[in-house]
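First listed ligand is number 1; within each ligand, the first listed atom is number 1. One-based numbering along the sequence shown. Atoms considered below: every heavy atom in the structure, side chains included; atoms not considered: hydrogens, waters and symmetry mates.
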Amino acid sequence: MVRAWVTTTRSGGKIGFAVVRDGTGYLQAVVAKQEVPEAVWERFRSLTQETSVALTGVVRIDARAPGGVELSATDVTILGESKDFPITPKEHGTTFLFEHRHLWLRSRRQVAIMRVRHEVVQAIRDFFYERDFVLVDTPLLTGSIGESAGTLFETDYFDLGKAYLAQTGQLYLEAAAAALGRVYCFGPTFRAEKSKTRRHLTEFWMVEPEVAWYTSEDNMRLQEAFVSYIVERCLERRKSDLEVLERDVTPLERVTPPFHRLSYTDAVTKLQSQGSDVQWGSDLGADDETRLAQEFDRPIFVYNYPREAKAFYMKENPDDPRTVLCNDCLAPEGYGEIIGGSQREDDHDRLLARIREEGFPEETYRWYLDLRRYGTFVHSGFGLGVERTVAWICGIPHIREAIAFPRQMHRLYP
Ligand code: ATP
Ligand code: MG
């Protein structure tokens with residue numbers, strides 16, 4: 001007996017077919033009118049898209065059937081009927097599909113994307129486990145500010161005033177790195193992004209490793225090994241899902257270390273020579289990122305950005321104090337930034353000066369400064385966005401399909 005949902009049906013006068021899915025795959029079921037009681041034949045013929053059924057019968061090998069086997073059904077029980085399932089094989093608009101995301105998830109492409117995401121997540125965990133990193137879960141409700149104050153979600157927190165949803169676990173992870181050496185956190189992060197781009201959600205998953213004694217160079221080597229590992233795993237184990245998505249995997253097969261490295265300053269010169277109006281000092285926009293990455297056949301690192309374009313905790317570059325020791329990793333094929341990383345400022349006074357410069361409440365950062373007061377240490381880390389990585393590997397244009405229930409500025413339903 002198989003319990004499953006009906007995907008498609010087709011029937012002639014004497015023989016009926018139904019493709020059903022049970023979550024693990026698809027199976028073709030056949031009923032011959034002459035071989036079953038009239039009631040079974042009628043029930044089979046009444047099946048509609050997404051009806052849940054129990055099918056009894058014999059499974060036979062059939063090379064022509066999807067999945068290579070076919071079920072000759074002798075009985076069918078309707079478990080849950082489904083009248084006028086809203087998502088039909090015809091084309092639907094994006095808005096309609098996201099309104100019906102809870103049902104849309106059942107479709108072939110969405111299932112394939114979720115399986116790739118599952119593989120990415122498992123690869124992330126395996127990569128760090130194999131390298132003796134310790135998982136440390138960081139708080140989602142925080143008092144301190146990680147990235148930029150403009151994109152914080154705030155909430156009332158009892159008598160203590162405001163709490164904020166975490167934009168990153170990094171600051172806490174730095175404390176954990178001093179305890180355990182190699183650590184990572186992996187969970188949802190929140191940013192009240194008011195931009196409606198293909199690359200921004202308000203809730204997304206980020207994996208953040210932090211390593212004691214790692215320089216910015218070491219950090220980039222870890223990133224290229226990490227990204228290559230994730231891609232390789234998907235190629236190895238999710239080939240059929242990538243096929244469903246019609247993903248050309250040749251660009252993915254080229255993703256191996258070393259990635260090309262380009263300093264921010266060289267990147268700006270290059271972009272200007274190509275007609276971009278980017279000015280030294282500002283962060284690179286999505287178009288600039290796309291243009292830069294286009295020239296290379298695998299991800300690239302752009303390193304050492306101007307300090308004013310980046311977060312306060314990044315270490316000042318001793319060779320050029322206008323810049324900080326950091327890097328972004330840009331995916332090829334127009335996918336842009338998937339990683340932001342840096343060596344962290346380990347000098348107490350410089351860090352304090354930066355916190356004051358930003359006008360952050362010093363008291364909130366007391367614990368963070370303590371890390372520089374008690375046994376300060378060279379350390380680096382990065383954050384990789386899961387949805388951007390999944391979107392790139394799947395070759396889908398927008399990251400909102402890379403998570404089951406995307407959260408965007410204009411979307412909270414379903
Ligand atoms: P961007 O400039 O594209 O907004 P960022 O510089 O704010 O990115 P980081 O703070 O460095 O990004 O975050 C690390 C990673 O988290 C990014 O490289 C990206 O993969 C992911 N990320 C950041 N913001 C978002 C978002 N709003 N939605 C989905 N992923 C995100
Ligand atoms: Mg951002």
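Where the criterion is an N or O separation shorter than 3.5 Å, residue side chain and backbone included, Ile399 fails it with respect to ligand 1. On a distance-only criterion, Arg388 and ligand 1 share at least one N/O pair closer than 3.5 Å. Residue contacts with ligand 1: Leu201 is placed with a nitrogen or oxygen under 3.5 Å of a nitrogen or oxygen of the ligand (distance criterion only). Between Ile339 and ligand 1, at least one N/O pair is under 3.5 Å apart. Looking at Leu384 next to ligand 1, no N or O pair under 3.5 Å apart turns up.
Between Phe226 and Phe382, a ring centre-to-centre spacing shorter than 6.0 Å is recorded. Separation of the Phe96 and Trp104 ring centroids does not fall under the 6.0 Å cut-off.
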ask   = Given the rule in the ring pair (Phe, Tyr, Trp, His ring centres under 6.0 Å) test, do Phe312 and Tyr365 qualify, once you have shown the distances and angles that lead to the verdict?
value = CA-CA 12 Å; Phe312 74 97; Tyr365 290 95; 5.4 Å; yes
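Neither the backbone nor the side chain of Thr168 comes within 4.0 Å of ligand 1, counting heavy atoms alone. Contact annotation: for Arg199 versus ligand 1, heavy atoms closer than 4.0 Å belong to the backbone alone. Proximity of Arg191 to ligand 1, defined as any heavy-atom pair under 4.0 Å, is confined to the side chain (atoms from C-beta onward).
Which parts of ligand 1 touch Met206 is read off a 4.0 Å heavy-atom cut-off, strictly below it: atoms 13 (O), 14 (C), 15 (C), 16 (O). For ligand 1 and Gly340, the ligand atoms under 4.0 Å from any heavy atom of the residue are 11 (O), 18 (O). Residue Gly383 has at least one heavy-atom neighbour below 4.0 Å for each of these atoms of ligand 1: 14 (C), 15 (C).
Remark: Arg131 is positioned above the aromatic ring of Tyr229, its terminal NZ or CZ atom under 6.0 angstrom from the ring centre and at most 45 degrees off the axis. In this structure, Arg407 forms no cation-pi arrangement with Phe405, as its terminal cationic atom is not both closer than 6.0 Å to the ring centre and no more than 45° off the ring axis. Phe85 does not carry Arg106 over the face of its six-membered ring by the limits of under 6.0 Å from the centre and within 45° of the normal.
Of the listed options Phe204, Phe382, Trp392, Phe204 places a heavy atom closest to atom 21 (C) of ligand 1.
Using a 4.5 Å heavy-atom threshold, the side chains of Ser82 and Thr51 count as touching.
Applying the side-chain contact (heavy atoms from CB on, under 4.5 Å) rule to His118 yields the partners Arg238; only residues at least two apart in sequence or on another chain are considered. Remark: Tyr264 engages Trp280, Tyr305 in a ring pair (Phe, Tyr, Trp, His ring centres under 6.0 Å) (not counting sequence neighbours).
Using a 4.0 Å heavy-atom cutoff, Glu337 is listed among the residues neighbouring ligand 1.
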